[in-house]
Structure formats: structure tokens, C-alpha cells
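To start, the structure itself, in C-alpha cells.
Chain identifiers are assigned alphabetically (A, B, ...) following the order of the sequence lines, protein sequences preceding nucleic acid strands; residue numbering begins at 1 within each chain.
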Amino acid sequence: MTKKRIITFVSFICVLLASLFLLQKLFMPKYVHGIVEGSLIEEYYTEEEKNHDIIFIGDCEVYENFSPITLWENYGITSYIRGSAQQLIWQSYYLLEETLKYETPKVAVFNVLAMMYDEPQKEAYNRMTLDGMKMSSSKINSIKASMMEDESIIDYFIPLFRYHSRWSELENDDFKYLFKKENLFHNGYYMRADVKPVTSIPKGKKLPDYRFGENAYDYLDRMVELCKSKGIELVLIKAPSLYPYWYDEWDEQMVEYAKKHDLLYINFLNHIDEIGLNFEEDTYDAGLHLNVYGAEKLADYFGRILVKKFDLEDKRNDEKLKKIWDSKIEFYNEMKEKQLKEIEEYGYIKSLAPNPGQ
Amino acid sequence: MKKISIILIILIMLTACSGGNNTPSTPNEPVDNLNENGSDDNLVSDGFVFETNGVEIAMNQEVAPIIEKLGDSKEYFEAEHCALPGLEKTYTYNGFELYTYEKNGVDSVSSILFLDDSVKTKEGIYLYSSLDDVLEAYGDDYEQKLDLYIYERGDSQLCFLIEDGEVTSIEYIAITE
Amino acid sequence: MFFTSYSFIIFLSIIFLLYYLIPKRLQWPLLLIASYIFYGFAGIKYFTYIVLTTISTYIVGLKIGNLYKEESKYLKENKGILSRVELKEYRTTSKSIRWKWLLFCMLLNFGILGVTKYTNFTISNINFILAKLGSGRQLGFLDIALPMGISFYTFKSMGYIIDVYRGKYEPERNIFKFALFVSFFPQIIQGPISRFDDLSETLFKEHNFDIKNFNDGMIRILWGFFKKLVIADRILVGVNTIIRNPDTYQGAFVFIGMLFYAYQLYADFTGGIDITIGISQVLGIKIKENFDRPYFSKNIAEYWRRWHITMGTWFKDYLFYPISVYKPMLNFSKYARRTFGDSIGKRLPVYISSIIVWFTTGIWHGASWNFIMWGLTNCFVILVSQELTPFYNWFHSKFNVKDKFLFRSFQVVRTILLMSAIRLFDCYRDVPMTFRMFGSMFTNFNVSDLFNGSLLNLGLSFADYIVLLIGLVILTTVSLIQRKGSVRDRLYKKPAILRYSVYYVLIVSIIVFGAYGVGYDSSQFIYNQF
Amino acid sequence: MEDLLEILEDLHPDIDFETHEALIDQQVLDSFDIVTLIAEIDSVFDVTIPAEEIIPENFNSAKALYKLIERLSDY
């Protein structure tokens, strides 16, 4: 009798947990249409050959501005961008820490715009960076560093508690991609083939204090330390995005920091002409981010510097790698064509519009 | 079930009766004045209000009617949030910039930044006024962050950046949430 | 730490586990520690108040208890020796000493309650009068924080001390046990207001793990969470939209808001009590029920016997009866009967007591005129229906509808509507506003408001309404079954698979349909503030 | 006892108070009745029933109530 009771109880718990797990899978946002950026972080785990020369970390200024395909095509460099929307510096740090558990790149590239944020900003962005990470100590530390005041860590461990209210807005995608999603990015690069020229850019507002926050500096120090301990070269960059405004006062601090720690710091805003960027046609949102044409130019320019500075080997003759990258190139070209077709047909990239189907 | 249907019937009867009593004595009741977020924009804001050329601009106010009154801006810029819907728009007019944010699909005023001394606050402070003028106009109830003097009223902040005893930046900022 | 917070659920799991793992004699001390930890979450600074109440009531309780014992002993020993007059005299003096102690204890503790809860209300009234008198002087408000659960634990303690004074039972000699009675965590925030003799029967006992108690308790907890999270917190959004925008939402919306609020208050308050009683049941502790399907009441007086029962009986036993049978009141009654005649004279004392009780009930709910008006309106309705008794009797003798289903349904609906209307005082900012909104239901009622899509602008989506409707059906069904006895007892007799299905459905629907987390205002139980 | 029954029947003419044993439990008497009753007893018997004696056991039947009155007038 008692034994039977225990068996019933245990099977009840199992059934309950299984259905809750399924519901969690169902309710988590899929990020396959419209806002696809939420899929960036998790896509890394599907990569079969986690062995890259370069790892990028940072916000949209990395994942929309550099094309790893170009780096491969032009220089035989393998690279991966672990970027996510408004990635804060502690998130970048822990993401790098996590990535280093899988591989040890030669160079780590960090975009310094995130220095402007000294504290957590928005739950939605936290989610896009953190939900995609596999469970690890890095993830837990990142969650702890990123939580807004009214957030609870339990909501990160059990995302069902966060997303349960989506029950009334489930879409086909939620069922279709319940267990498996197709790749959307190119080694972490988010491709945009549309064009929207720059018209005007507002000047920066005056700030009471231009010094980056202590917290931000602290994580930058830790990042330097981490790379040093693993023998990885850390490169600081400021992508050539025209907005948000990059103050001279900020730039000076980064120049100084790089000098003090013997790092390479490149502010691409100072090299727009050399890169060959034309803000009439190389941006898709009037100067915030580059489109695929701009990203290819920037990758080409940056690759040249990297090869020269860090003596990176050209791996285009490696048969195994070549095979992998050939299929990546194919996917890359397919997507470019697809986007161009959509632009031709609808005037915009329909599959990436905020409300698909409208 | 039977009980519920009875309750429903009585409800309907009640509503019907009272509906008949509805005399049109108050035709101007603002009942049709439902906007998206249910708030009543006709109320004068209890926060700081900026006035230019007879147009009043309060924080968190819907921006479309203001733009209509102000006319076309000299310059216009819009920035998408990374990966989130909603545009942040910037309208540049003579003397100031108007920033917006999107809430429930409605563009609302997020801030106003003074560009030169051709505009002034309702209380008469403009760029290059002295700190004393500010204190005289707004009192001691401010919060100071470095050189920034922040006054709060209702759903708005008014921020003065003071350098060498002079106002070098004035900004109205909406408090959201 | 609210009942619906993660930390509370974790806290509770730990307590449940420890409770049945540790030696049984440590069970009640564990609950005491748990209660103080729970209380500490609200703020260490509040400990002073509850500790002060505990200690003062404990000591005075012992004192009065001893006096009472001595008195009884003396009376017993001297019965037959002393004359009746002498005995009576002794009784009177002895009683007056006990009374002084009681008075001291009540003044102290009601004093604390009064100062923390009503100081600013008093100040605002004084300011109003000052302004009316044309004085430019205004008093400043004080920054007094209201200690968590003070209304509830003060009432519990004062019920205890009065009972000891009356000799109903002996005082508790173990101060820690008494401290647990005052601070018992499941009921500190919102009641029920337990009586010491009732609660102590199971509170300090050693409890073996009992599978049925555990089962029943867990289901009750889940049921409470369901009411609270799926229904109350969901509809709250709609209620708030209506009552916070009185300029926009008038007429038909006031009516809708009124019904919404009735639904919300019921789900919120009974849900909270379900959680309280369920937790206690898992711990093997029995707490008196606080509700008896109140929305099936046929009149307001009955409603108040079935809603928040422990509060109603508290006021009856410790306020209504004492003032009604207070000697001067009885003398006044005699005088009134001589002066105004039998029928009025008979009523006057009852009416005066009722008004005092309802005024107090009102102000107990909140320090504002809204609540006072709310209490007095309740009183008014009850007294009027009392006066109409002859009419009702005549009506029922004329028409034989008393037991007809339709007529009873009419009475039930009438009571719900009446109570909901009175509760408008509880919704709107001030008393004049309440009257205006109430009036708008009659002057500005547009049926079309309800069908032109405005209901979807209240912050509730179509899907929300569906959930609320299903919730209403479930709640009503359960209430109807309850009439025939405990739902859980019936469920317990059914095959395990059915019981587990109920568990399953409850848990999954709470997690999925609960209005918690991002996108919902996490609200407190309505009764926390009292 | 006769006096008491008279008072009670005055309150509820339709109840047979001589035999009824659950006046409180079955809610025949409500709190208003009890207060009226106590006032009547006070004037007729000159016995004041204190609040602590208002418990169901004392009011459930006319007999119990009469016993209470006797006990109280004893002092």
C-alpha cells in the first residue's frame, strides 16, 4: 500500500516536472522572426568547431558591424562574435569567461561603448544576453551582476516564471521551434542588407561627469587580467557607429587605459575614410549600425590590422576548415540574396520587421 | 448554472432600466476621452512645463499634437533601440531639442535640451544664467550630482549643469515608470 | 515577505521539512523562531512593538490570572462564613483591581495601535478644523511606520487578556508559548483573529506527520494561490484603472468596477485565508474558519456573520456586548423607555452600541473617513432592515416565496449589489468623490459603454476576461458543492488519480495563468494594510 | 421562570421557548435579541448579566438562562 503510494507520488512529480519543462520550452521567446537578436548567444553552442582565432565580445556594435565571413575569405582568419543587444561589460566579461571554457582564441576583441553603463539597464536586454547561455558558474555570476532591483534570480533559473504570461500570445513559431532552431547568424554576425542613409546625428548632450564608472573599470580590469592569464591578446575597439555619441572625453580615457595596460585600442571613428565607409550606403539605420556592405569593409580593414599585429596564420588551405567555412559562405550568400529579394519585393526585410506578417 | 443565468438576467435588467434614465443633462462629460493608457491628458501636468512660442510642453505628454503646433523641425533624427521595438526620436528646433520615447505605441516627450540662450525656462532661467539665479528661481530643494543640480516635480526633472557658477546645460527629463 | 513571493515559498518549504524532522517537542519553538524570522523580514525596527505587546499582555495576564485565582479561593473558603453583602463587597473590590490591570493593558496596547495608525489621520482632521477656523497654522505630519499586522496581533492579544480577566481560562505561564500565539506567522498579516483557548489546543501540541492533513493543507494552499494569483491579481488591474481615473470611468464603469472589486476582494481575502489555514493544517494546527460562503447571504446582517467571521465575533464579544450590557447603558435604557415609550426606549441602547461598533469597525479597516462612512453605512443598512422586519414578516405571510429558489436568488443578488455599492467608499479617494461616482451610476449609465470595446481598455485583454470567467464558474461551483460539506473530504475519498489531477491542474494553472512577475503589478493582499 | 418566558415570547412569538434547546446554535436569537433580553432581565429581575456570561451555553434554552439568572442573583 505504502509502496504503491510512493510510486504514484513519484510518477506524479515526474509528470508534473516534465509538463512544466515542456511549457517552459513552449513559452520561452523563440526570437526567429522580428527580434532575432535574442537568438545570438545560444547559437554559439551549435558550432561544431569551437576553435577560433578571434572572439568578439560586446553589444550591437560588434555583432552588426563585423563580418567573420569576410575575415575568413580575405585573410583565412576564423572568428566568432559573442555579441548581444546592449551587452553590458560584466556580461561581456562572463561571456568571455564562459567561451574560454570551450576554446582559447589568440585574440579577444571588446567594443568599449559598454563602458558608458555602470549599472544594469533593462530587464529585456538582460534576458536576451542571459537566457541563451547554458547553465554555468559564469552564467550565474553574470545574472547576479545584471539583475535589476525588482528581478529575481529564480526567474532566470526557471524562465517559465518569467514567460508564463505568454500563454495568450503563442504563435506558430513557438511550436515550430519548440526543440530546434535553425541558424540565423554567421558566426554571431547579424546580417542586414538594407540601406538607410545618415541624415543628421544629434550632438552629444553635456554630461556632468565623463569619467566611466568604477564598476565598468573594474570589469575591464578583470577582462585584462583574464586574457593575460590565458595568454590571449585583448584588443579594445570603438566601432564606427555614429550614434550613440562617443565623447572625446571618453575616447581619451580609453587611449590612456590602453597605453597603461599595453593594449591595442582602435577607435574606428577616426578611420572612416581609410575603411572606405560611406554613410550614404553602408548603414541600414541611419548611422547606428552598418549593413552588410559596411560590415564587410570594416572586417576587411580590421583583418589587415590583426594579421599584421598578431601574426595570424592563413588557414584557408586547411581542408577541414575549408569545408566548414565553404558551407558557411554558402549560407551567407543565400541569406544576402534572400534579403535583397525581400527588399525588392516589399521595400524592406519583411522577416526582420518588428511585427512579422503585417 | 441556473443561478448564474438569473444573475445575468437581473444584471441586464438593471442596466436596461438605468440606461433608460440616462438624461442627456451632461453632454460634455469626458466619457469618450479614452486614450490608450487610460490617463487623462487634458489635465495640466503637475510637473515642470517648458513653454516656447505659446506652446506648452510637459514631460510624458503625447508628442504628436505638440509637433503639430511647433511646426516642422529644423532637423529630425530617429534611433531604433537595439533589438527592441520602438523608436527614440529627436526633433531639433531653434534653441532646443525635443526627445521622445515610445510607450504603448504612442510617442511621448522624454526630454527637452536647451541648445542656446534663445530659450528660457518658465521661471526665467536660460543658458549662462548664474547659479544664484537658479537657486532664487527654484529654491534649495534639489539633488546634486557633481555639477548637476536636479529639481524634481511631478513626473519631471529639471536639470541644470553648473560650471564655474554658470548654467551650461538645461534639460527637462521625464520620469518614466 | 508576501505569501506570493518566492522567498515565502522557500521559507515555507524549509519550515514544513524541519517541522516533521526535528524532535516533536521542538515543533512549537521552531514555529516561534520561524514567526520571528518572518516578522523580521518586514523590518527589525518593528520588533519593539510586537515584543512590547507580547510582554505587557503576558505579565498583566499572569497578574490578573493570579488575582482571579485568589478571589475564587477566598470566595470559596469564606462561603457561608461571611455574609452575602460582605462577599459581594469583596468581589467588587477585587474585580475593580483586576479591571485596573486590564484597563492599563488595553490602554497601553490600543494606545500603540492608535498612535501608529491614527496619528496622521487625527492631524489631518485637526488641520481641517484649523483651516475652517481661519487659522493659518497647520500641523505637520509625523513619519510613523505602521508595524506589520499590528491590527491583528493587537486584537488577538486583547481578546486574550479580556478572556483572562473574565476568567474564561487561565493565563499562559510560558512566555514563549504566548509569544508564538501573538506572532504565529501564517495569520500575522491578515488574520483570522484567533482566540487563545481555541488556537492553543493545537498550536503547542506535538504533531505526527499525517498524510491526510498534509494533503488537505496542500490543496487548500494551492486553492488559495489560485484565487489570489489567477483571479484577484488579474482583475486588480481592471479595478485600479476604473477607480484611479474617476473622470474617465463613470456610470456603467462604476458599476462594473464595483462588481470587479467584489470579485477581487473575495478572491484576494478568502484566498489569503485559505493559504493561512492550509499552512496551519499542514503543520497539524487547526484555525477557525473566517468565511462561510459570504456571497450567498440573504441580507447584510447575515453577510457579516459569514464574512471575516473572526473579526465580527471579536467586535461582538469584546465591544458590542460589553457596551450594551454596561450598567449605565442599561440604566439609560430604563430611562429611555420611561421617557420615549417602550418601542423607542428598547431600541436606543442597541442602536447606540451598533453605531459605536460599526464606527470602530470602519476605522479599524483604515484611518480615513471613507472607512468610517463605509462602517456607518453598513450599520445604517442593518438597522433599517431590522426596522423593516415587521414588513418582511407581513410580506412573507402574504406571499409564500420565502423558500422559493427565485426569491432566494433575488435576495442573494441584492445583498451582493448592496455590499458592493457600500464598498465604493473603500475605492474612491474621498467621501464626496464616492457619492459622485455612486450618483453617476444613475445619471450617466450608458449600456453602450460596455459593448463598444472599452472594457478591453481597462488593462485586461480578452484572454484575461476568459480566465476570469472560468475562474468565476469554478469558484461558484466549488461554493455550491461546499454547501453539502467539505470538498476536500469528498475528494479524499476519490481514487488517487483524481486527486493528483486536481493537484496537477491547480499547480499548472497557477504557474501559467497566475498574474505574477513581469507585466503585472505585484500587489499585496488587500488586508495587509489593516 | 414565567416572567422570563413572557419576555422571550415577546421577542419571538412563534417560538416555543419551553422546549427549545438551541436558541443560539440555530440562530433563533441574534445579538440584538440578546441585548434586548438582557435589558429586560435587568429591569424585571434586577440582575445584570455581564458580558462574560454571554456564551451559547447560557442562552441556548430558557432553562439555562433562568439558571444563570438564579446564579447571578445569588450573590
Which portion of C:K168 sits near chain D, non-hydrogen atoms under 4.5 angstrom: neither
Name the member of D:A51, D:A39, D:P50, D:S43 that forms the most heavy-atom pairs with chain C at distances under 4.5 Å. D:A51
Heavy-atom neighbours of C:Y392 OH exceed 12 at 6.0 Å: yes
Quick check on the interface: out of D:I55, D:I49, D:I34, who has the most heavy-atom pairs with chain C under 4.5 Å? D:I34
C:R337/D:E40 ion pair, N-O < 4.0 Å: yes
Go through the steps to decide whether C:K327 and D:D42 satisfy the test side-chain contact (heavy atoms from CB on, under 4.5 Å), and finish with yes or no. CA-CA 9 Å; C:K327 195 71 193 172; D:D42 181 58; 3.0 Å; yes
Once rounded to the nearest 0.5 Å, what's the spacing between atom OG1 of D:T48 and atom CG of C:N331? 8.0 Å
Can you name the residues that form a side chain to side chain contact (heavy atoms under 4.5 Å, CB included) with D:E18, not counting sequence neighbours? D:L5, D:D16
At a 4.5 Å cut-off on heavy atoms, which part of C:L383 comes close to chain D: side chain, backbone, both, or neither? side chain
Would you check if C:I162 and D:E52 make a side-chain contact, meaning some heavy-atom pair closer than 4.5 Å? no
Are there over 12 heavy-atom neighbours, none belonging to C:Y351, within less than 6.0 Å of that residue's OH? yes
State whether the number of non-hydrogen atoms from other residues, nucleotides or ligands found under 6.0 Å of C:E387 atom CD is greater than 12. yes
Using non-hydrogen atoms and a 4.5 Å limit, figure out which bit of C:S354 sits close to chain D: side chain, backbone, both or neither. side chain
D:V35 vs C:V325 side-chain heavy atoms within contact, under 4.5 Å: no
May I ask you to say whether C:R305 pairs ionically with D:D30, meaning some side-chain N is under 4.0 Å from a carboxylate O? no
With rounding to the nearest 0.5 angstrom, report the OG to CD1 distance, C:S324 to D:I54. 7.5 Å
Looking at C:F291, I'd like to know if its CZ atom is crowded, meaning that more than 12 non-hydrogen atoms belonging to other residues, nucleotides or ligands lie closer than 6.0 Å. yes
C:K334, NZ: over 12 other non-hydrogen atoms inside 6.0 angstrom: yes
